[in-house]
Amino acid sequence: MRRRDGRALASPLQLTVSSGAGEHTVDRAWAAIEAEFAAVDAAMSRFRADSEITRLHRRGPGAGGVVSDRLRSALALADRATRLTRGRFDARILVDLERLGSIGVPQVWPGAERSVDARAYRFDRCDRTVRLAAPVDLGGVGKGLALRWAARRAAVIVGDTGFLIDAGGDIATRGSADGEPWSIAIEDPTGAPEPVAVCVLPTDSAVATSSIRRASWRDPDGKAVHHLIDPRTGSPGGDGLRAVTVAGPDPAWAEIWSKALFLEGSLQIGATARARGLAAWWVDVDGDLSMTPAARERTTWVRAEAAAS
Amino acid sequence: MTERAQARFPAHVFVMLSASTAAYAIALAAVAGLQSADDAALAAARDPVARAVEQVSAGRNDVLGRLDRARAVYAALAESYGAAGGSLTALEAQLAALSSSVAAIDGASRSLPTSVRLPRVAGSVSGGSAPATHATTRASGG
């Protein structure tokens, strides 16, 4: 197998290509992936003063602006995700993130509220401008979309050869790993070196994890908070949970569902994940791993079971 | 014989009888004329009352006709109400059945455990240390 490593969207970025692809082909695929991630970063990063979303936020409420297709696709996906998750996922939590002290280039305009409109944005088809109803955080959606679009571009270059793109723990795959399914470890959110489980992904799959292991800090009052904000309360959510992993065909939706399921909390996540037919694994605050039947079908190793046997 | 009758009833008797008869006829004619005039006056006097009676009669007939129509409408409404009542009863029965189904589903869903310890899948889950993997999914902070 051939590998390429780099960084994008403030995370490690790695490409693994099955045997069969030449070095030149892998280099071209890697260049396409890096270009795609750079384009997404330029469009959606709230950590860059010159990104499209930062410029749009600085125009203030109701001020429209012509945006790239990438940014508009991200806004449309975030809007759709809010509806499909019944409000569990909502990109408009940026107001709360900044209130709690999340770092980044300030995006929120004075007087902005979390939910001032039924939709996160308005798109004018005549002049092709976008108007935001509230400031939005497209970090998770952006990374998922970057993986989706990068995998699409890489697949055109490498053809039938299988490959895996790992963007800081969010993963997209195509084909197989030299004839075998791609095998993915699920990190222990407590920081233990051994994973809590290992799963295999079918062809053309994705997996994403939402966890409070990183992106946690103390708010201005000294209270421990994290970045997974519950839109219903405006405060960090996911009571009783440390991490949620979701596998599915699309990296953007895997990212969305991992976040939405995390915000269900330990009492509701099982029912919601099963009702949706999702392949989901979650680790609670006691460190216990649970999973849905769809996830069980893909699981090849569980640390707790291996220790018991 | 005529001569005897003439001898028995003198002519002036006949004249008197004739005159009396004529006078009676004239008086009778006068009385009849007066009666006729009175009848005409009476009829003229009664005419507004007769017209009023006719109007009252016509009004009564109209009211009767309206009552008949109202009775028919009432009967139709009563029939429709009866039919709607039957439908409402059926709908209420269906709602009651739906409510009991929802309650049963709700009870069943509440009885489900939050997490389920599923049995191990023989042949797919291996023991020992973690197998080699191609990548690790982890907190990305996004």
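Chain A is the first sequence line, chain B the second, and so forth, proteins listed ahead of strands; every chain is numbered from 1. The figures that follow rest on heavy atoms only: side chains count, while hydrogens, waters and symmetry mates do not.
Across every non-hydrogen atom of A:T209 and B:R138, the tightest pair is CB-O, 3.5 Å. A:L164 and B:H134 get closest at one heavy-atom pair: CD1-CB, 4.2 Å. For the pair A:S183 and B:A132, the tightest heavy-atom approach, listed with the atom from each and the gap, is OG-O, 3.6 Å.
Of the two parts of A:A208, only the backbone, made up of N, CA, C and O, holds a non-hydrogen atom closer than 4.5 Å to a non-hydrogen atom of chain B. Contacts of A:I171 with chain B are made by side-chain atoms alone, with heavy-atom separations under 4.5 Å and no backbone atom involved. With a threshold of 4.5 angstrom between heavy atoms, A:P181 approaches chain B through N, CA, C or O but not through any side-chain atom. Only the backbone of A:S266 comes within contact range of chain B, with heavy atoms under 4.5 Å apart. Of the two parts of A:R242, neither the backbone nor the side chain holds a non-hydrogen atom closer than 4.5 Å to a non-hydrogen atom of chain B.
Among A:E187, A:R298, A:Q268, the residue with the largest count of heavy-atom pairs under 4.5 Å with chain B is A:E187. The candidate from A:D170, A:T16, A:L138 with the greatest count of non-hydrogen atom pairs under 4.5 Å with chain B is A:D170.
Heavy atoms from other residues, nucleotides or ligands lying under 6.0 Å from CD of A:E194 number more than 12. Within a 6.0 Å sphere centred on OH of B:Y81, heavy atoms belonging to other residues, nucleotides or ligands number 12 at most.
Between the CG atom of A:D188 and the OG1 atom of B:T136 there is a distance of 11.5 Å, given to the nearest 0.5 Å.
Of the listed residues (A:V246, A:L201, A:V207), just one forms a side chain to side chain contact (heavy atoms under 4.5 Å, CB included) with B:T137, and that residue is A:V207.
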